[in-house]
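Since this is a predicted model, take the numbers as computed values, not measurements. Just so you know, ligand 1 is whichever comes first in the structure, and atom 1 is the first atom listed for that ligand.
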Amino acid sequence: MIEKSSIDLFKQMYRIRAVEEAIASHYPEGKMRCPVHLSIGQELIPALFAETIRPTDFAVSTHRGHAHYLAKGGNLNAMIAEIYGKSTGCARGKGGSMHLIDLSVNFMGTSAIVGNSIPIGVGLALSVQIKNTDQISCVFLGDGAIEEGVFYESVNFAAVRKLPVLFICENNLYSVYSPLSVRQPAGRSIANMVKAMGIEVGIADGMDIQASKQLMKESVDRVRDTVMPFFIEFSTYRWREHCGHAFDNDLGYRTAQEFLKWQTKDPLNHLETMLSNSSPSLQNSVLGLKSTIEAEVNAAFDFAENSPFPDQREAYDGVYA
Ligand SMILES: Cc1ncc(C[n+]2csc(CCOP(=O)(O)OP(=O)(O)O)c2C)c(N)n1
Ligand SMILES: [Mg+2]
């Protein structure tokens, strides 16, 4: 029997991908005047996060943050409007794709500066400790952000102060066009290096649904129960170019074989095939879910298109002032 949880996971993953595929297809129209960093291919991790995290918990993310914002429950209309630079956007149209925020669901921000949101997430965990609540703070980061000095300061502070922070590293093997092999010594495991700094770590294949699900759940529970920092690393892969809507396999920094190897493992595709082959009624449910999500996504783009640009007089007003 197919568990309801498989359908729920499919829904989360499909929604995130549908939003980003729509961004990619509308991008050449030239109406989104900010850079976009798509995480198509990496959806399993945010989808599992969505299932596991509480609305009261905090999260921060990076330049590649659409999926994390949506997974935390961020408003879709406000995200698309933000990317269109409209006044109805989540940062009133002033921030664009790399400055997503939705305080109503404790999604506390994303940043264009690599590593910049890490100490903010740690600071949020410090606020939890001071207020003595049962929240946790989650920091999404890429493998490239591990190479920023602020990462070490932040992990050290979290370890020394015993803060309830979960570092979630999406290791997609690249920082822009540089593979790990030209950035870090051969054989180094990011998770093992972090462990040596004095916090516990976990690692999972971010294409493996069961392994990733278990790690996500256990680590969220663990941070909440032990009130200690924890670091988890998922291996994953982005399909599109580093920044923009297109593919960039022609640039030569990664091979077609490598790309295809990861694409073949796509957990969303496997889940859809598994559900669709299970029974005709489940196949219909999948089709129904997909069309409901596509209608929601189309409505968000209509909302963004039909929203006004910010008034010029607002240019220097604070977003949350
Ligand atoms: C401090 C800083 N240095 C460099 C950049 C340019 N830059 C933007 S994204 C990026 C790659 C980051 O790689 P990673 O953390 O692995 O995230 P990914 O893009 O792979 O999701 C770099 C170097 C930046 N924005 N900020
Ligand atoms: Mg990376």
Side-chain angles (χ1 to χ4, degrees), residues 16-17 19-20 23-24 27 34-49 59-72 83 91 95-100 107 109-122 138-155 166-185 188-191 193-194 201 203-207 212 231-249 251 253-255 258-259 261-263 265:
I16 293 168
R17 184 165 298 177
V19 170
E20 288 211 311
I23 294 171
Y27 201 74
C34 61
V36 289
H37 300 78
L38 303 177
S39 58
I40 297 170
Q42 304 188 183
E43 295 89 349
L44 179 60
I45 301 145
L48 293 171
F49 179 75
V60 293
S61 176
T62 70
H63 56 286
R64 203 177 301 286
H66 303 155
H68 310 133
Y69 169 98
L70 293 172
K72 190 69 183 69
I83 299 174
S97 158
M98 293 188 280
H99 299 97
L100 302 178
F107 187 82
T110 62
S111 172
I113 309 296
V114 174
N116 216 8
S117 47
I118 302 171
I120 296 172
V122 171
C138 301
V139 177
F140 283 96
L141 69 161
D143 49 295
I146 305 290
E147 290 146 17
E148 293 291 340
V150 73
F151 172 73
Y152 300 89
E153 296 175 46
S154 302
V155 170
L166 178 61
F167 299 98
I168 305 171
C169 179
E170 291 170 316
N171 181 355
N172 62 9
L173 314 181
Y174 292 90
S175 172
V176 191
Y177 306 130
S178 303
L180 277 160
S181 59
V182 301
R183 293 159 30 219
Q184 299 194 20
R188 173 188 282 170
S189 145
I190 291 175
M193 181 183 66
V194 175
V201 300
I203 187 160
D205 173 352
M207 300 290 112
S212 295
F231 177 94
I232 51 179
E233 177 190 351
F234 294 95
S235 48
T236 186
Y237 203 75
R238 83 172 140 73
W239 292 5
R240 302 272 172 159
E241 59 189 331
H242 163 69
C243 178
H245 69 287
F247 292 90
D248 67 355
N249 295 342
L251 295 183
Y253 73 97
R254 56 187 192 178
T255 63
E258 179 184 279
F259 178 87
K261 188 189 94 186
W262 284 88
Q263 209 174 35
K265 295 195 278 188

* Asked: Looking at ligand 1, does Glu148 have a heavy atom less than 4.0 Å from it?
  ->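 The answer is yes: ligand 1 sits under 4.0 Å from a heavy atom of Glu148.
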Polar contacts were defined as any N/O atom of the residue lying under 3.5 Å from an N/O atom of the ligand; does this apply to [X] and ligand 1?
X	result
Asp143	yes
His37	no
Arg238	no

* To do: Determine whether the side chain, the backbone, both or neither of Ala112 has a heavy atom under 4.0 Å from any heavy atom of ligand 1.
  => backbone
* Quick one: look at Val114 and ligand 1, take heavy-atom pairs under 4.0 Å, and tell me if it's side chain, backbone, both or neither. => both
* To do: Could you name all protein N, O or S atoms found under 2.8 Å from the Mg ion (ligand 2)?
  =>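 Metal shell, protein only: Asp143 OD1, Asn172 OD1, Tyr174 O.
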Numbering as shown, the atoms of ligand 1 that approach [X] to under 4.0 Å (heavy-atom distance):
X	value
Ala145	15 (O)
Val176	10 (C), 11 (C), 22 (C), 23 (C)
His63	9 (S), 12 (C), 17 (O), 18 (P), 19 (O), 21 (O)
Asn172	18 (P), 20 (O), 21 (O)
Ile113	1 (C), 26 (N)

Between the main-chain N or O of [Y] and the side-chain N or O of [X], is there a donor-acceptor pair closer than 3.5 Å?
X	Y	value
Arg254	Pro179	no
Ser97	Ile83	no
Thr110	Met98	yes
Glu20	Leu38	no
Tyr69	Val60	no
Ser212	Asp205	yes
Glu148	Gly115	no
Asn172	Thr236	no
Arg240	Ala246	no

Among all protein heavy atoms, pick out the one at the shortest distance from [atom]; state its residue, atom name and that distance to 0.1 Å.
atom	result
atom 16 (O) of ligand 1	Gly144 N, 2.7 Å
atom 21 (O) of ligand 1	Arg64 NE, 2.7 Å
atom 12 (C) of ligand 1	Ser175 OG, 3.7 Å

* To do: Could you label the plane-to-plane angle of the Phe259 and Phe247 rings as parallel, tilted or perpendicular, counting under 30° as parallel and over 60° as perpendicular?
  => perpendicular
* Does some non-hydrogen atom of the protein lie less than 4.0 angstrom from atom 6 (C) of ligand 1? ->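 Answer no: nothing from the protein, no heavy atom, is under 4.0 Å.
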* Heavy-atom distance under 4.5 Å between the side chains of Val155 and Phe231, does that happen here? -> no
* Asked: Do you know which of Glu258, Gln42, Gln263 makes side-chain hydrogen bond (donor to acceptor under 3.5 Å, both in side chains) with Tyr237?
  ->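 Between Tyr237 and the candidates, side-chain hydrogen bond (donor to acceptor under 3.5 Å, both in side chains) is satisfied uniquely by Glu258.
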* If you measure only the distance, is there a donor-acceptor pair under 3.5 Å linking the side chains of Ser39 and His66? -> no
